Amino acid sequence: MQMAIKEHQILVLHTNLGIRITFHSLVAFLTTILVVTAIYLTQEGGQWSLEKTITSESMSKCNLFDGEWVFDNESYPLYKEQQCKFMSDQLACEKFGREDLSYQNWRWKPHQCDLPRFNATTLLERLRNKRLVFVGDSLNRGQWVSMVCLVESSIPSSLKSMQTIANGSLNIFKAKEYNATIEFYWAPLLVESNSDDPVNHKVPDRTVRVQAIEKHAKYWTDADIIVFNTFLWWRRKAMNVLWGSFGSPNGVYKKVAMVRVYEMALRTWSDWLEVHINRNKTQLFFVSMSPTHQRAHEWGGAKGENCYKERDQIKEEGYSGNGSVPKMMQVVENVLQDLKRRGLNVQLLNITQLSEYRKEGHPSIYRKQWEPLTEEQISNPKSYADCIHWCLPGVPDTWNELLYAYIFHR
């Protein structure tokens, strides 16, 4: 209505007062109207925003992974745990008795810029007729749950669904109005292994087929955005490697030391990407190692303690515990650099350092216990504290804010 009135005023000025508006002044005037309209739409919750232009320029000179956590109980959390229909009991710390909820109120602030505000509607519009797939282990599954919780509240119940296929390995959240899916595929080692069953994967002797990935890759070949991770399951001195097929009498087994076996698997993964990924269609991301907080003495706590009862962050700038393995991270960086030389860009989401500070962000004892606790465990809660995964809302939401920033602005 306001724009119609202004257009009428222009016409009146031209016809009644005989004032001639030059072509350049008209363009300038209309540009002003467009800017004002954009700001108005942004303020009123419209989808058109100037944020992208502004933040793209500032972010190009900003290291998003170098910053600090800022307490913000006005804007965070970005969603409520109990209101997320698809929340995992492994990550629902409030539901399972955690009373101190301050872990939900921290915002990551890069030193030289601000992360763009996560907008579920804007992301869903970008994902219209597309697939966003998370591929990896339970930490990547946690990031997937976070992403689903970030967007699902903006979708009516009748226009969203969840299904599980591929023997439980592939979970698909669908936003029907957008024909968009946000998926998680269980492949904790990326290549084929004897731990590929999404439920029964606790095996005494882990074995990988480091040259075999097609069994998994066929489920995410044609995705538009793929977010990979693999780290935690490789943390052992050595691993059985199989050349041949599981169950085949002609298979050759050999024990290969870490970090070599990790590199072998990532080379298979990178070779597959180089051949099969449509570079004009698919955005690729790799999430760096998620740190654990299982030894309190590393951050100045008592020896023998862990993240149990922790309520504060680690304040030491650049802190790094033994839960991270720099040699493995270097392998990832080398593989990604090699891929880039071959013309394929995989963006590294370096969540390691920012997550290192968050020793209070883990479920600890506040999660569903899949097996009954023993009397000994009950008497010593730290013995069953989960210091690996992360409470939601919490740290993985920031990982997704970083992903969001790269999807739109890099």
Side-chain angles (χ1 to χ4, degrees), residues 63-66 135-140 142-143 187-195 205-213 227-243 253-274 284-299 306-307 314 316-342 344-359 362 387-390 395-396 399 402:
N63 180 358
L64 298 183
F65 313 115
D66 180 26
V135 179
D137 59 23
S138 58
L139 289 157
N140 217 20
Q143 187 174 354
L189 297 136
L190 294 186
V191 293
E192 190 175 340
S193 75
N194 62 349
S195 299
D205 205 4
R206 194 164 295 154
T207 302
V208 293
R209 295 180 64 205
V210 290
Q211 295 180 323
I213 199 171
V227 183
F228 296 98
N229 94 315
T230 187
F231 164 66
L232 192 66
W233 287 58
W234 296 95
R235 287 198 60 195
R236 47 187 61 200
K237 292 182 178 179
M239 195 176 294
N240 279 332
V241 175
L242 166 64
W243 284 269
Y253 291 84
K254 184 178 180 180
K255 205 83 157 177
V256 180
M258 188 60 57
V259 178
R260 175 59 182 148
V261 64
Y262 185 60
E263 182 179 12
M264 292 167 69
L266 286 184
R267 291 295 177 186
T268 295
W269 167 79
S270 67
D271 289 345
W272 186 93
L273 291 178
E274 183 185 15
L284 299 169
F285 298 89
F286 193 99
V287 181
S288 69
M289 63 184 73
S290 173
T292 61
H293 292 92
Q294 296 172 306
R295 297 179 178 89
H297 68 270
E298 293 179 359
W299 59 80
N306 54 24
C307 71
I314 296 171
E316 178 189 342
E317 180 96 21
Y319 167 84
S320 180
N322 290 330
S324 301
V325 184
K327 288 183 179 179
M328 293 180 69
M329 200 62 246
Q330 188 60 56
V331 168
V332 172
E333 292 177 357
N334 291 343
V335 169
L336 298 192
Q337 287 172 5
D338 185 49
L339 268 176
K340 193 169 186 177
R341 285 191 290 268
R342 289 185 270 167
L344 187 62
N345 184 48
V346 181
Q347 176 61 52
L348 178 67
L349 292 181
N350 191 356
I351 57 90
T352 306
Q353 184 62 71
L354 65 91
S355 305
E356 285 274 19
Y357 302 123
R358 297 298 305 275
K359 61 182 170 65
H362 299 284
C387 301
I388 296 174
H389 301 94
W390 301 92
V395 173
W399 303 351
L402 291 163

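All values derive from a computational prediction rather than experimental measurement.
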What distance separates [X] [atom1] from [Y] [atom2], expressed to the nearest 0.5 Å?
{"X": "N229", "Y": "L190", "atom1": "CG", "atom2": "CG", "value": "7.5 Å"}
{"X": "S138", "Y": "L232", "atom1": "OG", "atom2": "CG", "value": "6.5 Å"}
{"X": "F65", "Y": "L348", "atom1": "CZ", "atom2": "CG", "value": "6.5 Å"}
{"X": "L189", "Y": "W233", "atom1": "CG", "atom2": "CH2", "value": "7.0 Å"}

Quiz item: Any chance the side chains of S290 and S355 put a donor and an acceptor closer than 3.5 Å?
Solution: no
Does [X] have any side-chain hydrogen bond (donor to acceptor under 3.5 Å, both in side chains) partners at least two apart in sequence or in another chain, and if so, which?
{"X": "W272", "answer": "H276"}
{"X": "T268", "answer": "none"}
{"X": "T207", "answer": "none"}
{"X": "Q353", "answer": "Y357"}

Evaluate the side-chain proximity of [Y] to [X]: yes if any heavy-atom separation is below 4.5 Å, no if none is.
{"X": "N306", "Y": "R295", "answer": "no"}
{"X": "L339", "Y": "L284", "answer": "no"}
{"X": "W269", "Y": "I213", "answer": "yes"}
{"X": "L266", "Y": "F286", "answer": "yes"}
{"X": "C387", "Y": "T292", "answer": "no"}
{"X": "M258", "Y": "V325", "answer": "no"}

For [X] and [Y], work out which heavy atoms get closest and say how close.
{"X": "S324", "Y": "P291", "result": "OG-CB, 3.7 Å"}
{"X": "E356", "Y": "I314", "result": "O-CD1, 3.5 Å"}
{"X": "I351", "Y": "L354", "result": "O-CG, 3.5 Å"}

Exercise. Check ring-ring contact (aromatic ring centres under 6.0 Å, His included) between F231 and all other residues, then give those that pass, not counting sequence neighbours.
Key: none
Exercise. Just jot down the ring-ring contact (aromatic ring centres under 6.0 Å, His included) partners of W234, sequence neighbours excluded, or say none.
Key: Y262
May I ask you to decide if [Y]'s main-chain N or O and [X]'s side chain share a donor-acceptor pair within less than 3.5 Å?
{"X": "D137", "Y": "N140", "result": "yes"}
{"X": "S288", "Y": "T352", "result": "yes"}
{"X": "T230", "Y": "G136", "result": "no"}
{"X": "N194", "Y": "D205", "result": "yes"}

Holding to side-chain contact (heavy atoms from CB on, under 4.5 Å), I want the full list of residues that pass it with [X], two or more places apart in sequence or in another chain.
{"X": "N322", "result": "E298"}
{"X": "H362", "result": "H293, C307, W390"}
{"X": "R209", "result": "E192, A212, L242, S245, F246"}

Practice problem: Any pair with a residue in residues 318-341 that passes salt bridge (charged side-chain N to carboxylate O under 4.0 Å, His left out), sequence neighbours left out, goes on the list, sorted by first then second residue, please. | Solution: R267-D338, D338-R341, D338-R342
Self-check item: salt bridge (charged side-chain N to carboxylate O under 4.0 Å, His left out): pairs with one or both residues in residues 229-242, sequence neighbours excluded
Solution: none
Quiz prompt | Working for side chain to side chain contact (heavy atoms under 4.5 Å, CB included), residues L273 and F228 | solution = CA-CA 12 Å; L273 291 178; F228 296 98; 4.1 Å; yes
